[in-house]
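For reference, the structure is listed below as structure tokens.
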Amino acid sequence: MISACSPHAIPTAHVGCESCDEAGRFVRLQSLPDSGKANITPPFSHPFQLTSEGWKTVLESIQVRQRGQGPLSFLAANKPAQQALTPQEIQYLCGVLPRVFAEVQPSDLVVFGLTNARTPEIADVTTGAWYVKDATLHLILSNYREGVTMPSIRELVWRNPLHVIAAPLYDFVPGPYQAVNSSHDSLLGFLNPEPIQLALTYQPIAAGPSAVDDHHPAGMQKPSSHEMSLEDKLRRLKQLHNEGLITDDEYAAKKRSLLNGL
């Protein structure tokens, strides 16, 4: 796992292809930071080949869910999952990732940055990295849809895409052939925010829906191991009410919402 990098220790970067940098987004190669904080180590399985069509299928399979906040954060599992990347982002990445991964060396990460205007004053910034180990494609999201107003912050993560601005507001929702690797639920992870990470067995995902359906009937997503059952949620909700952390009205409304989901 890659921990937040110091903003003063900018890793060595070099251009993957001259046409991969556009206004508000980029893909480039970057040497792994020698910070002593990373559990991932080269050599990676690079160079790596996947067609644009294969990348499109892989990118479209990645989903996230917004985290809950406060004492009712355990109810976040009720929030709908959403595709992590916009169609425009997928189109851009499908065009550049095959070219960059054809050139990447075994010691390099493929880093990227994407921006979307939320308002004239606020830009949503997403940065992270890709790498391949054996048959597994790894996605690191250091920042996902982080609202940035200060040009200096955007410049920082543009120079160092692995630098984490703040604790993540989203979690990956792993589907078939996908697994989450993250420690942000711990107190240490909260005090020292770390990226969220997803490991993808890319070959069956890129093969299309039939391969995914064979692995997981009806294409249903496998729930992550930490998701709570309805009974556990009701017990937790009752505990919060008994401890006076939520009001009678909040308790009744949340209980009704859970039961309506049956």
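All of these numbers come straight from a predicted model, not from anything done at the bench.
- The line from CG of L200 to NE2 of H138 is 8.5 Å long, rounded to the nearest 0.5 Å.
- Considering every non-hydrogen atom in both R28 and N160, the closest pair reads NH2-N, 4.3 Å.
- Of the possible polar contacts, none joining the T115 side chain to the V125 backbone as a donor-acceptor pair under 3.5 Å is found.
- Side-chain contact check for C94 versus L59: some heavy-atom pair is nearer than 4.5 Å.
- In terms of heavy-atom proximity, W158 sits nearest to G113 at CH2-C, 3.6 Å.
- Between T127 and V111, the closest side-chain pair of non-hydrogen atoms is not below 4.5 Å.
- In this structure a side-chain-to-backbone donor-acceptor pair under 3.5 Å is present from Q105 to E103.
- Shortest non-hydrogen contact noted between I140 and P195 is CG2-CB, 3.4 Å.
- With hydrogens and angles ignored, the 3.5 Å screen pairs no side-chain donor or acceptor of H46 with any backbone N or O of Y131.
- Atom-to-atom distance recorded for E22:CD and L114:CG is 10.5 Å, nearest 0.5 angstrom.
- With respect to L93, the side chain to side chain contact (heavy atoms under 4.5 Å, CB included) criterion is satisfied by exactly one of V58, L85, V100: L85.
- Counted within 6.0 Å of NZ on K133, heavy atoms from surrounding residues, nucleotides or ligands total more than 12; the atom is thus considered enclosed.
- Within 6.0 Å of atom CD in Q91, 12 or fewer heavy atoms from other residues, nucleotides or ligands are found, so the atom counts as exposed in its surroundings.
- The distance from the CD atom of E155 to the CZ atom of R159 is 5.0 Å, given to the nearest 0.5 Å.
- Taking 4.5 Å as the limit, every side-chain heavy atom of V64 sits out of range of all side-chain heavy atoms of V173.
- At least one side-chain heavy atom of L162 sits under 4.5 Å from a side-chain heavy atom of L109.
- Annotation: the span from L97 atom CG to I90 atom CD1 amounts to 11.5 Å, rounded to 0.5 Å.
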Exercise for the section: Would you check, one step at a time, whether the test side chain to side chain contact (heavy atoms under 4.5 Å, CB included) holds for Q203 with Y177? Expected result: CA-CA 9 Å; Q203 291 173 323; Y177 297 104; over 6 Å; no
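- Y144 contributes a side-chain N or O that, together with a main-chain N or O of A84, makes up a donor-acceptor pair within less than 3.5 Å.
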Exercise for the section: For L139 and I62, run side chain to side chain contact (heavy atoms under 4.5 Å, CB included): C-alpha distance rounded to whole Å, both residues' side-chain angles, the deciding distance at 0.1 Å, then the answer. Expected result: CA-CA 10 Å; L139 170 59; I62 301 171; 3.9 Å; yes
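- Taking 4.0 Å as the cut-off between side-chain N and carboxylate O, R118 and D124 count as a salt-bridged pair.
- In plain terms, the two heavy atoms of T149 and P151 that are nearest each other are O-CD, 3.5 Å.
- Annotation: side chain of L50 is not in contact with side chain of P98 (no heavy-atom distance under 4.5 Å).
- Put simply, the side chain of V148 does not reach to within 4.5 Å of the side chain of I122, judged on heavy atoms.
- Of the possible polar contacts, none joining the R154 side chain to the M150 backbone as a donor-acceptor pair under 3.5 Å is found.
- S45 places a side-chain N or O within donor-acceptor distance of the main-chain N or O of D134, the cut-off being under 3.5 Å.
- Considering CG of L198 and OG of S61, their distance stands at 7.5 Å, rounded to 0.5 Å.
- Between Q63 atom CD and Q82 atom CD the span is 9.0 Å, to the nearest 0.5 Å.
- At least one side-chain heavy atom of L156 sits less than 4.5 Å from a side-chain heavy atom of H163.
- In summary, the side chains of E89 and N116 do present a donor paired with an acceptor at a separation below 3.5 Å, with no hydrogens or angles considered.
- Although no hydrogens or angles enter the test, the distance criterion places a donor-acceptor pair under 3.5 Å between the side chain of T57 and the main chain of E53.
- Side-chain contact between N143 and T126: absent, with no pair of heavy atoms (C-beta onward) separated by less than 4.5 Å.
- Residues F44 and D108 share a closest heavy-atom pair of CD1-O, 3.3 Å.
- Partner of W130 under the ring-ring contact (aromatic ring centres under 6.0 Å, His included) criterion, out of F101, F48, W55: W55 alone.
- Side chain of R67 to main chain of P168: a donor-acceptor pair is present (N/O by atom type, distance under 3.5 Å, no hydrogens or angles).
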Exercise for the section: Starting from the C-alpha separation in whole Å, work towards a yes-or-no answer on side chain to side chain contact (heavy atoms under 4.5 Å, CB included) for F112 and R25. Expected result: CA-CA 7 Å; F112 65 93; R25 55 193 185 187; over 6 Å; no
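- Taking every heavy atom of both residues into account, Y170 and R145 meet most closely at CE1-CB, 4.4 Å.
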